[in-house]
Visitor: 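One structure is given below, represented as structure tokens, and several questions about it will come after.
A, B, ... follow the sequence lines: proteins, then strands. Residue 1 opens every chain.
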Amino acid sequence: MPELTVVEAVNQALTLEMARDERVIVFGEDVGLSGGVFRATDGLYGKHGAARVIDTPLSESVIAGAAIGLALAGWVPVAEIQFLGFAHNGFNQVVDQLARVRYRSAGRFSAQVTIRAPYGGGVRAPELHSDAFEAHFAHAPGLKVVAPSTPYDTKGLLLASIRDPDPVLFLEPLRGYRQVKGEVPDGDYEVEIGKARIAREGTDVTLVAWSGAVQVALQAAEDARGQGISVEVIDLRTLVPLDAATLAASVTKTGRAVVLQEAPLTAGFGAEVVATVQEEAFFSLQAPIRRVASPDVPYPVQMLEEQYLPNPERVLEAIVATTRE
Amino acid sequence: MPELTVVEAVNQALTLEMARDERVIVFGEDVGLSGGVFRATDGLYGKHGAARVIDTPLSESVIAGAAIGLALAGWVPVAEIQFLGFAHNGFNQVVDQLARVRYRSAGRFSAQVTIRAPYGGGVRAPELHSDAFEAHFAHAPGLKVVAPSTPYDTKGLLLASIRDPDPVLFLEPLRGYRQVKGEVPDGDYEVEIGKARIAREGTDVTLVAWSGAVQVALQAAEDARGQGISVEVIDLRTLVPLDAATLAASVTKTGRAVVLQEAPLTAGFGAEVVATVQEEAFFSLQAPIRRVASPDVPYPVQMLEEQYLPNPERVLEAIVATTRE
Amino acid sequence: MKKAAPAAHANLDGVASTSMPPMVRYLDEDGELLVDEQPMSDEMALEGYRVMLRGRRFDERSVSLQRQGRMVTLAPGIGQEAATVGAAMAVDAKTDWFVPQYREVAGQLWHGYPLRLAFLWHVGHPIAFQVPGELKMLPFQAAIAGQLPQAVGLAWGLKLKGDPGVVLAIFGDGGTSQGDFHEAANLAGVMKAPIIFLCQNNGWAISTSVAQQTASETLAQKAVAYGFPGIQCDGNDLFAVYATVLEAARRAREGKGPTLVEAVTYRLGLHTTADDPSRYEPREMHDLWVNRDPLRRMQLHFKARGVVDQAGLDRIEDEVKEDLRIAWEDAQKEPAPDPAYYFGQVHADQSQRLKRQMTRFDKGDRA
Amino acid sequence: MKKAAPAAHANLDGVASTSMPPMVRYLDEDGELLVDEQPMSDEMALEGYRVMLRGRRFDERSVSLQRQGRMVTLAPGIGQEAATVGAAMAVDAKTDWFVPQYREVAGQLWHGYPLRLAFLWHVGHPIAFQVPGELKMLPFQAAIAGQLPQAVGLAWGLKLKGDPGVVLAIFGDGGTSQGDFHEAANLAGVMKAPIIFLCQNNGWAISTSVAQQTASETLAQKAVAYGFPGIQCDGNDLFAVYATVLEAARRAREGKGPTLVEAVTYRLGLHTTADDPSRYEPREMHDLWVNRDPLRRMQLHFKARGVVDQAGLDRIEDEVKEDLRIAWEDAQKEPAPDPAYYFGQVHADQSQRLKRQMTRFDKGDRA
Ligand SMILES: Cc1ncc(C[n+]2csc(CCOP(=O)(O)OP(=O)(O)O)c2C)c(N)n1
Ligand SMILES: Cc1ncc(C[n+]2csc(CCOP(=O)(O)OP(=O)(O)O)c2C)c(N)n1
Ligand SMILES: [Mg+2]
Ligand SMILES: [Mg+2]
């Protein structure tokens with residue numbers, strides 16, 4: 001099987017689906033002729049032209065909002081928000097409008113819409129281009145939030161997201177875009193939305209992560225092995241709906257858990273993971289679930305990025321500490 | 001002491017502070033001549049005129065953003081967002097701009113800004129006028145989030161918020177606006193930001209709530225007493241920064257906790273409370289911390305409101321269940 | 001930037017903001033035709049009048065029911081019936097979409113929205129949002145201007161599909177201050193989307209006057225920013241609104257893109273039943289507009305033209321009363337909504353997590 | 001809506017969008033004066049030229065350092081120096097505020113931002129955002145148009161205070177599509193805020209052309225929507241930008257409110273060092289604008305007018321090179337940022353919760 005990067009996997013999924021389903025329409029800032037600032041949409045404009053691959057004005061709110069209308073007209077919109085941070089500029093359209101189309105109309109209308117956005121830090125990009133803002137969108141009933149970490153899952157989950165009859169926010173790990181490589185089948189396949197993945201099996205501690213942080217988690221797990229600690233790494237892949245069963249099964253086995261969240265600590269998505277795990281597996285827990293996160297500080301400029309983001313050392317500290325409790 | 005409603009307490013705090021500090025300027029939609037749709041700013045326009053009490057255009061983003069500039073010019077802005085749901089229309093200005101003024105400029109600038117917004121359901125208002133969206137703003141480093149439930153705390157915390165050198169999102173319980181009455185001193189006093197309040201002492205279960213849900217919690221606690229369960233009710237009053245110490249002390253005593261959140265369950269602020277409590281008091285916990293929340297469903301129309309919102313019965317169920325574990 | 005272009009010194013005080021066409025009018029305030037030809041037949045005008053009246057009486061009835069505590073807070077469209085019905089008459093319900101804010105019930109009735117559901121909306125029943133059957137209409141929108149990006153996407157999508165439909169999107173004067181209005185209008189201009197932006201300038205955004213809302217002389221001129229035409233029409237003149245929107249719809253169908261139509265009207269009623277205009281509305285302003293009542297204007301027009309006499313008008317009144325009685329009766333027969341059903345309309349498929357939360361609402365009748 | 005007003009039939013195809021004043025120009029592409037008088041002294045023009053050159057060489061140097069991996073991704077302002085410096089020259093750094101986006105370094109240098117900090121910005125040092133001393137300038141803004149609501153609030157606040165200052169807020173053509181531009185401009189119009197909206201129309205928003213960005217013929221005409229003047233000036237003509245912004249600043253100071261100035265220029269360099277214009281930029285378009293280079297234009301003007309000869313220009317080159325050398329040297333002497341300090345700048349007072357998180361960063365040197 002060919003080795004692809006995450007962004008190549010995104011491109012392959014889009015290429016495949018646009019050819020397979022003529023209703024699919026791709027739009028956003030700079031997705032056309034230039035193929036997107038990260039080349040995620042490279043080649044689509046050449047294949048399908050300006051009717052189905054559209055450069056929009058610099059307007060996140062109407063990018064998200066127009067997607068609803070395009071879906072009502074029978075299209076299957078795949079909109080790109082150039083960086084997740086700028087989805088804040090259309091937060092009302094995503095959370096209050098897109099997520100509620102089916103519910104508001106009591107089922108008369110629906111919005112088969114995918115909004116793609118790269119996100120997360122560690123690539124020396126400025127604030128708002130780097131912030132891990134997933135938690136804001138995870139608290140929006142009606143919206144599914146998918147956040148894969150590998151090229152394989154990225155392609156399979158993006159295909160599943162585009163085909164999902166309801167809106168999906170598809171978060172792509174900026175850090176993994178070019179750094180993370182993996183085997184990806186050429187053909188058509190889906191990865192089920194709502195199912196986490198055991199990224200590494202282990203018996204002593206469950207380590208939960210998603211998107212760009214999964215690589216950090218795997219490194220920490222490897223380092224822990226050196227200290228005789230067997231860590232099971234769970235890659236959530238989907239944040240909403242959350243796969244509580246897989247989390248519960250793992251923690252029931254290990255009795256200990258660490259949640260790795262790239263975003264600042266307070267009210268991040270890691271809190272939901274902790275709350276769910278202790279609801280599902282409390283009596284198996286032998287120690288408090290620890291969170292490793294960025295401090296409650298906005299995203300810093302490049303020279304401070306490394307100190308800011310959770311790294312394998314900090315995760316390892318937490319793993320070791322939890323085994324001592 | 002005179003008995004006031006919550007909205008009267010808001011009005012008294014604004015009236016007092018505008019008289020005390022000429023730098024205070026109040027603006028937003030319909031806050032002027034009409035005194036606000038809930039009369040929170042009633043009388044201010046008459047006292048201070050159009051220079052310091054300003055009706056703005058219907059533009060939440062620039063209401064929040066302009067507050068930053070007004071602060072830079074030396075004013076102390078108190079902006080009203082008519083309903084918190086519409087702060088989503090200026091989410092980028094609140095979370096990405098207002099919250100980051102000090103940090104972005106490495107301390108050169110700061111924004112002594114208060115954004116007031118009524119929020120929460122149960123008053124037969126439409127969606128977006130009723131949604132409890134606090135979690136979105138609690139995950140925004142640089143922004144303090146205050147959410148009192150009583151008239152006394154409302155006045156004291158609003159005064160403290162206006163005087164805080166950094167931005168504060170001040171959430172007012174729509175449900176309590178006219179329903180909740182309480183004694184409020186006429187004079188000037190502050191309630192410290194970041195300190196929770198024991199709303200009712202108890203020994204068996206800790207019940208955590210904030211804003212409009214505190215009344216529901218108190219009712220449930222009273223009902224539990226009938227079943228011989230002594231419930232300690234904690235009114236958070238401030239969400240960010242969270243008063244972990246008070247939570248830990250209570251749970252260390254009771255060994256059991258229920259978190260009541262009006263918002264839909266997933267990734268709501270209750271998850272942060274759960275995560276923090278189990279971090280701080282895990283070894284005192286005798287049962288999983290339970291969350292009582294609305295379902296992961298958008299806010300419904302009026303005929304479905306009562307079934308949607310957590311009520312004392314549901315809270316009582318959780319209290320009883322946790323004591324059985 | 002041709003090399004030949006003359007140099008100019010900067011002097012901005014003289015810069016004329018814009019040259020707008022005059023406001024479109026057909027009837028004066030006493031219903032006299034200001035032009036030789038009216039833009040629709042007398043029969044059609046009468047039908048329009050009937051629906052305007054239905055909207056008016058519906059709002060009045062709703063307000064009184066709300067006062068009795070039998071309805072939720074609601075926003076009557078009293079005084080604006082010509083604006084919304086005239087616009088609705090100018091599009092084709094078979095092909096065209098009606099995208100409302102929340103103060104357009106009269107126009108929605110013309111487009112096909114049932115009076116029964118309108119009543120159910122005001123009692124807070126979710127079925128009012130489940131736009132029935134094939135009706136091309138979006139649900140009411142609580143967020144000001146929140147419907148506009150969707151409306152533009154819909155129009156753009158219809159055009160891409162080669163569908164003949166156009167979109168009539170309605171919003172208020174206050175809506176023009178929202179970023180969503182701007183982003184939607186700008187995209188519509190770029191995509192030459194077949195959409196009519198109908199701004200109901202009713203003088204107020206709750207207590208905020210249009211002068212406090214924007215410094216532009218007219219709302220119509222805001223179209224200049226987006227490269228498509230904007231025009232004012234007398235929003236209390238059924239013929240003027242109809243003719244203007246008809247022209248805008250023609251342009252949209254011919255691929256000429258969007259039009260911004262500012263219907264200059266006035267909110268004769270309350271902002272909502274929770275509002276007290278006496279706190280901010282100058283009495284004389286109100287009185288001035290009472291004389292411009294769009295219903296009165298049509299009545300005078302009909303009588304002068306001999307289309308229908310007082311007896312005929314009274315008959316229409318009675319028929320409308322009867323329509324309302326039946327609709328309200330039917331509305332009250334509507335069973336209370338089943339939370340298990342409505343809360344189940346979040347996704348096509350319910351997640352395990354949501355299913356579990358639902359058990360509490362499930363009466364078991366659909367396990 | 002006077003009763004006398006004539007009725008008009010709706011015909012929109014004829015509706016002229018607007019009547020804009022001609023673009024302000026002083027110099028043709030070869031530096032020849034198109035008017036008798038230049039708007040500033042030769043000395044001042046030379047000083048402006050020097051800062052434009054400093055900006056140009058700074059960008060070139062930064063790009064090459066970035067290519068060597070010594071700088072972060074950055075957005076050069078090459079080709080736009082007349083627009084930003086001309087505007088900066090027209091305001092008073094002692095009283096007026098400069099609110100940048102991120103492509104205005106040349107203008108910021110004129111306003112007083114140190115070259116050393118500009119270099120530190122490009123190495124990702126937080127001190128570049130800590131606008132020094134009393135300098136009236138906001139930090140760089142990563143969010144397009146995110147600075148505009150703040151700039152309007154600042155201008156409004158200065159006016160309320162009776163402060164003589166005006167605000168110069170700069171943004172790009174793409175910025176005009178943001179809801180924040182709209183809401184900010186509209187509020188500025190209502191408050192008659194003393195602000196100059198300087199839109200650098202450099203032809204592109206990354207790969208998106210202005211024609212794809214909006215259907216309006218000019219960006220200046222967008223001011224019509226807000227009830228204040230909008231005007232185009234030749235953005236590669238230092239005199240034209242200076243004169244236009246000077247006039248806008250006069251209006252602002254006289255309480256006449258905002259002005260939208262569209263400086264028509266071109267991005268001769270890359271969007272950012274991560275960009276590859278060859279994917280979307282027509283070669284001939286680029287070449288056309290190379291001949292309109294604002295530096296070349298000033299050089300030809302100075303020579304023709306005998307203000308300075310080639311030797312003089314070479315001397316300025318050398319002096320600018322030396323400025324850059326020193327600034328870059330100083331920049332490299334800047335100690336690495338202390339996370340404990342910078343992460344501590346979130347609130348005036350740190351909460352217990354944050355203090356605990358901070359211990360990890362605290363070197364103990366400030367316990
Ligand atoms: C985005 C948003 N902000 C605020 C509100 C609260 N609100 C409801 S109606 C209204 C005024 C709307 O005025 P206008 O657009 O002129 O419409 P009208 O009510 O006059 O028909 C406001 C501010 C809202 N619903 N949506
Ligand atoms: C709100 C927002 N959306 C998207 C981006 C990503 N982005 C960075 S620069 C840019 C283009 C800006 O174009 P323009 O406003 O013309 O300024 P220029 O870069 O040409 O100076 C975009 C889309 C952003 N920074 N902010
Ligand atoms: Mg209005
Ligand atoms: Mg540009």
Visitor: What class does the angle between the rings of A:F282 and B:F282 fall in, given that below 30° is parallel, 30 to 60° is tilted and above 60° is perpendicular?
Guide: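 Tilted: the ring planes of A:F282 and B:F282 meet at 30° to 60°.
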Visitor: For a quick test of reading the model, state the closest non-hydrogen atom pair linking A:R291 to B:T276 and the distance between them.
Guide: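 Minimum heavy-atom contact is NH2-OG1, 3.7 Å.
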Visitor: Of the backbone (N, CA, C, O) and the side chain (C-beta and beyond), which part of B:Q286 lies under 4.5 Å from a heavy atom of chain A, both, or neither?
Guide: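 Contact with chain A involves the backbone of B:Q286 alone.
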Visitor: Please rank A:I289, A:L128, A:D131 by heavy-atom pairs under 4.5 Å with chain B and give me the top one.
Guide: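 Max contact count across the listed options: A:I289.
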Visitor: With ring centroids as reference points, do B:F269 and A:H139 lie under 6.0 angstrom apart?
Guide: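 No, the ring centres sit 6.0 Å or more apart.
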Visitor: Chain A heavy atoms under 4.5 Å from B:V95: which part of the residue, side chain, backbone, both or neither?
Guide: side chain
Visitor: Side chain, backbone, both or neither: which part of B:L242 has a heavy atom under 4.5 Å from chain A?
Guide: neither
Visitor: What part of B:P241 lies closer than 4.5 angstrom to a heavy atom of chain A: side chain, backbone, both or neither?
Guide: neither
Visitor: Is A:S61 close to chain B through its backbone or its side chain, or both, or neither, when contacts mean heavy atoms under 4.5 Å?
Guide: neither
Visitor: Side chains of B:R290 and A:E279: closer than 4.5 Å at any heavy-atom pair?
Guide: no
Visitor: Using a 4.5 Å cut-off on heavy atoms from C-beta on, say whether the side chain of A:V94 contacts that of B:F91.
Guide: no
Visitor: Which of residues 100-108 of chain A get closer than 4.5 angstrom to chain B, counting heavy atoms alone?
Guide: A:R100, A:Y103, A:R104
Visitor: In terms of heavy-atom proximity below 4.5 Å to chain A, should B:F137 be classed as side chain, backbone, both, or neither?
Guide: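 For B:F137, neither part sits under 4.5 Å from chain A.
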